[in-house]
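Shown next, in structure tokens, is the structure this report addresses.
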Amino acid sequence: MDKYIPQEIEKKWQDQWESANSFHTDEDPSKKKYYALEMFPYPSGNLHMGHVRNYSIGDVVARFKKMRGFNVLHPMGFDAFGMPAENAAIEHGIHPRDWTLKNIENMIRQQKSMGLSYDWNRKVETCQPDYYRWTQWLFELFYERGLAYKKEASVNWCDNCGTVLANEQVIDGRCWRCDGEVHKKNLAQWFFKITDYAEELLADLSKLDGWPERVKTMQENWIGKSEGCEFHFDIEGFDEKLSVYTTRPDTAFGITFVVLAAEHPLVEKLIAGRENESEIRAFISETLKMSEMERTSAASEKKGIFTGAFAISPFTGKKIPIWISNYVLYNYGTGAVMGVPAHDERDWMFASKYGIDKIIVIDRPEKSLKLDEMDNAYIEPGVLINSGEFNGIPNEDAKSKIVDWLESKNLGSRKINYKLRDWLISRQRYWGAPIPVIYCDKCGEQLVPKDQLPVLLPDDVEFKQGALSPLATSKTFSDCKCPKCGGHARRETDTMDTFICSSWYYLRYADPKNSSEPFEKSKVNYWNPVDQYIGGIEHAILHLLYSRFFTKVLRDAKLLDFDEPFTNLLTQGMVIKDGAKMSKSKGNVVSPEEIIEKYGADTARLFILFAAPVERDLDWSDQGVEGASRFLNRVWRILLQFEDQIKTAQDSYDVSTLNKDEIDLRRILHRTIKKVTEDISDRFMFNTAISSLMELTNAIYGFQDKPLNPNLAREVARNLLIMLAPFVPHISSELWSRIFANEKDVHEQNWCEFDPSAIVEDEIEIVLQINGKVRDRIKIPATLDKDGMEKIARESKFVENKTIVKIICVPKKLINVVVK
RNA sequence: GCGGAUGUGGCGGAAUUGGCAGACGCGCUGGACUUAGGAUCCAGUGUCGCAAGACGUAAGGGUUCAACCCCCUUCAUCCGCACCA
């Protein structure tokens, strides 16, 4: 018997699959389609273990579904635009394109060495003109639909990256990519109007039954819907109105101050000419200097200053002092809030600090509130007091009654607010899809005509750290003709956020070579939505929210006929080692390439699928890898030991010729088929599926030194290899080709079915409990009914001399006798 | 602070509907084969106990004939959000 040498067989099978075009897919309306997709990688140059895990999971799903008869789409591509390529250009003088393409080449080589069942004919690379042409085309579609606009705004700026960032890309006040500090800057930038879809993006989360709850919760929080009302105050001595937004109109009679954000446009008017104007201005500039982080931290101190102006409460007619404070956000609601210290914790702190009045307007049901006994705002439910005609109404009911009142007096109206902001999509970088817009002095902003797309990236640019838009340094790029008047015009020199490229790639896979449109509608409607999407939790908001937005816009544009891009989402856990995420700085990185070279791809895949459930973090263990390798060697040896007998055996045979041990083995086989099938298809429990395959293998070893019916050996080998195939494709193909030499490759076989009659046992072991404690294990006929079981229990020596209170029988499981 | 998750041997983890806790793997111990073993095969391996047995799923309580699983309280760890009025 020859030895299992993965290095030899893996390459052989990879080449064979590639030359046979084994994983090529076409639309086939006669078959049920299945679209398995792993998040495409950024081409950093090398796969890391997170990729290996991601692709191993996806490959099991794709191969399994294929064996179950689905027409499977399983593509791979590269999210190829982005900063690192540009940093390489800055640091090493290599062009981002060359750097990226070289990295892609290496990563494809590594992916191929894993034996993944991708249809490589469908590869997409977002940095290629034949792809970004359609990214630009989609930008124009958004523009034409009023969903892309340019405006001057206070935006997030990362100095390191020399570009603006979307809100979603700012993590704890830092850049998602380089971790550098982000600060605010006023710039004219392009936005996508994702807020138009806020309600649908929120509401449709309920359709996503196949998504993890926590991802949906995160998106829900990010969209941040709140229902309340907006109303306005008159300002004493000014012909101005001051609007505020609140979710607590029921507390409105308790307003004792109003607070403006430092940026609020009214501030300037209100403070002009006050005797302490310079003091107020100093406060404002100090507030504006604070970083976003400091200002929005709930922990930071609430500071404020009185403007000297008064609003008039529409509820009580009283004068309400107008303050400015650092705790009011300008970009949410109206940038101004009402202060009700008795019933809001922030207002309580603020009022306490500056000696502002507090008025209780919601009273506690059990015991009346007294200000001097309170050291906190009262935010529980209660009944309105000090609220004029609304006194005595429970506060929840009062909310809508007071809004009705405001609406009837034309003072305000119901209002829904979202935390979600429009998506800032322009970037002052080179390595991205140029925004296809032309500025003409005469005709204004113009889209590049569709037949002139793509707007190609120029080569004559300078790459400099922190430089503004490298495209602006090109001699040739900016100058152009206005598509409308033909006069001199200039191009937009910003590029698009790479998240735009990745917001539609899963659609392009359906029709990757189309040169007349982004994709053919019928093809996208056949393959999409993605049936199973697999990737890391880090995209819970960013990519997954943007893709949902894109899908909805494209649906409204009638380019496709579904509402959600990803029917089922699996968020894999991280690969960690020694308790920490693998990282160069911690020195705990395990290189996939080295593992594959040493043990083979099958071992790497098997270990990573076996070591932990897919959604949980996986602790890398070199010894665990050894264990996986050991198992494959065991499979290799035991199957080849029976090779000759199996070859001469029959596929259909009379199972009544089997002896008792053989019947047991056959039972284990069919139980394993049942379990593995369920574990893969219903639960994604690959770790337990593999463990039962190990148990089956252990059971075969019981026949290592004793005769095994060749027909059964053949049945076991056939099914074991079919079940192993999605996990460890190479060794499965190799053993299959040796044992079932004149049959098609194991990956072309149908998945196995279990034989229910093989699982049935004549005699089963049940547990006898006395007062819930296990006292005995008894063998009984499987057909024995409750009465029979009870009889056995009564005759048991463990019941002797005891008074039986009750007997509980669970068929096929246990008997519990309650005694005194 | 709010929201979500997790907590089981020396370790990774099983236990699918409330019904034998610890499957499978790692590690460890012993044995076989062997010049040798870091290969392979076999056996053992939750804790205490000579044993019968008792105890045991973060801690405490509850429901139940029966609880890792359901309910209540507390703790720890991780993740997300975090002045959103």
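Here is how names work: the chains are called A, B, and so on, in the same order as the sequence lines, proteins then strands, and each is numbered from 1.
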Would you say the rings of [Y] and [X] are close, in the sense that their centroids are separated by under 6.0 Å?
X	Y	result
A/Trp423	A/Phe499	no
A/Phe315	A/Phe231	yes
A/Phe607	A/Tyr599	no

When you compare the side chain of A/Phe64 with that of A/Met723, does any pair of heavy atoms fall below 4.5 Å?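 Answer no - side chains too far apart.
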
If you find the nucleotide of RNA chain B closest to A/Asp705 and the one closest to A/Gly333, which residue's nucleotide is nearer the 5' end?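 Its nearest nucleotide lies further toward 5', so the answer is A/Asp705.
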
Which sits closer to the 5' end of RNA chain B, A/Tyr701 or A/Ile690, going by the nucleotide each is nearest to?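 Comparing both residues, the 5'-ward one is A/Ile690.
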
Can you measure [X] atom [atom1] to [N] atom [atom2] for me and round it to whole angstrom units?
X	N	atom1	atom2	value
A/Leu205	B/rG4	CG	C1'	15 Å
A/Glu345	B/rA82	CD	C1'	13 Å
A/Leu542	B/rG80	CG	P	12 Å
A/Ile766	B/rG19	CD1	P	16 Å
A/Leu693	B/rG25	CG	C1'	13 Å
A/Glu220	B/rG4	CD	C1'	12 Å
A/Ile576	B/rU6	CD1	P	16 Å
A/Asn633	B/rC41	CG	P	9 Å

Inter-nucleotide [atom1] distance ([N], [M]), Å rounded:
N	M	atom1	answer
B/rA15	B/rG19	C1'	12 Å
B/rA76	B/rU29	P	38 Å
B/rA43	B/rG25	P	12 Å
B/rG7	B/rA59	C1'	11 Å
B/rG12	B/rG22	C1'	13 Å
B/rA85	B/rC78	P	29 Å
B/rA14	B/rG80	P	23 Å
B/rC2	B/rG18	P	30 Å

Categorize [X] for me: base, sugar-phosphate, or nothing, with a 4.0 angstrom heavy-atom threshold over every strand shown.
X	value
A/Val244	nothing
A/Ser621	nothing
A/Phe631	nothing
A/Gly224	nothing
A/Lys419	base
A/Asn698	sugar-phosphate

Restricting to side chain to side chain donor-acceptor pair (under 3.5 Å), what partner residues turn up for A/Asp776, sequence neighbours left out?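 Per chain and number, A/Asp776 pairs via side chain to side chain donor-acceptor pair (under 3.5 Å) with no residue.
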
Once side chain to side chain donor-acceptor pair (under 3.5 Å) is applied, do any residues pair with A/Lys706, and if so which ones, sequence neighbours excluded?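 Counting only residues at least two positions away or on another chain, A/Lys706 forms a side chain to side chain donor-acceptor pair (under 3.5 Å) with A/Asp661.
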
Show the distances under 3.5 angstrom between N or O atoms of the protein and N or O atoms of nucleotides 60-71 of chain B.
from: B/rC65; atom 1: O2'; to: A/Asn816; atom 2: ND2; distance (Å): 3.1
from: B/rC65; atom 1: O2; to: A/Asn816; atom 2: ND2; distance (Å): 2.6

When you compare the protein's N or O atoms with those of nucleotides 13-15 of chain B, which come within less than 3.5 Å of each other, and at what distance?
from: B/rG13; atom 1: O3'; to: A/Asn687; atom 2: ND2; distance (Å): 3.4
from: B/rA14; atom 1: OP1; to: A/Asn687; atom 2: ND2; distance (Å): 3.0
from: B/rA14; atom 1: OP2; to: A/Arg616; atom 2: NH2; distance (Å): 3.3
from: B/rA15; atom 1: OP1; to: A/Arg683; atom 2: NH2; distance (Å): 3.1

Is [X] reaching over with its side chain to a backbone N or O of [Y], donor-acceptor style, under 3.5 angstrom?
X	Y	answer
A/Arg177	A/Gln169	no
A/Ser387	A/Phe253	no
A/Asp250	A/Glu396	no
A/Asp422	A/Ile194	yes

Below 4.0 Å: OP1/OP2 of [N] and any side-chain N or O of [X]:
X	N	result
A/Asn221	B/rG4	no
A/Arg637	B/rC41	yes
A/Tyr332	B/rA85	yes

Where do N or O atoms of nucleotides 27-31 of chain B meet protein N or O atoms at under 3.5 Å, pair by pair?
from: B/rG27; atom 1: OP2; to: A/Arg630; atom 2: NH1; distance (Å): 3.4

Which glycosidic conformation, syn or anti, is assigned to B/rG9 if syn requires a torsion within 90° of zero?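 Base orientation relative to the sugar is syn.
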
Nearest 0.5 angstrom please: [X] [atom1] to [Y] [atom2], how far?
X	Y	atom1	atom2	result
A/Tyr245	A/Met338	OH	CE	11.0 Å
A/Asp344	A/Met349	CG	CE	8.5 Å
A/Ile759	A/Thr672	CD1	OG1	9.0 Å

Using Watson-Crick or G-U wobble pairs with both distances under 3.5 Å, give me RNA chain B in dot-bracket, 5' to 3', with [ ] for crossers and | for pairs to another strand. (((((((..(((......[....)))((((((.......))))))(((....)))..(((((..]....))))))))))))....

Which atoms form the tightest heavy-atom contact between A/Asn771 and A/Val819, and what is the distance?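 It is OD1-N, 2.9 Å.
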
Looking only at heavy atoms, what is the nearest atom pair of A/Pro249 and A/Lys399, with distance?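 So the two residues come closest at CG-O, 3.7 Å.
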
Could you check which of B/rA23, B/rC42, B/rA54 has an atom nearest any side-chain atom of A/Glu695?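 Taking heavy atoms from C-beta onward, the closest nucleotide is B/rA23.
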
Of the candidate nucleotides B/rG19, B/rA21, B/rC24, which contains the atom at the shortest distance from the side chain of A/Met694?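 Taking heavy atoms from C-beta onward, the closest nucleotide is B/rC24.
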
Salt bridge or not between A/Arg671 and A/Glu761? Use side-chain N to carboxylate O under 4.0 Å.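 Counted as a salt bridge, because a side-chain N and a carboxylate O are separated by less than 4.0 Å.
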
Walk me through whether A/Tyr330 and A/Ser154 qualify under side chain to side chain contact (heavy atoms under 4.5 Å, CB included). CA-CA 11 Å; A/Tyr330 179 58; A/Ser154 169; over 6 Å; no

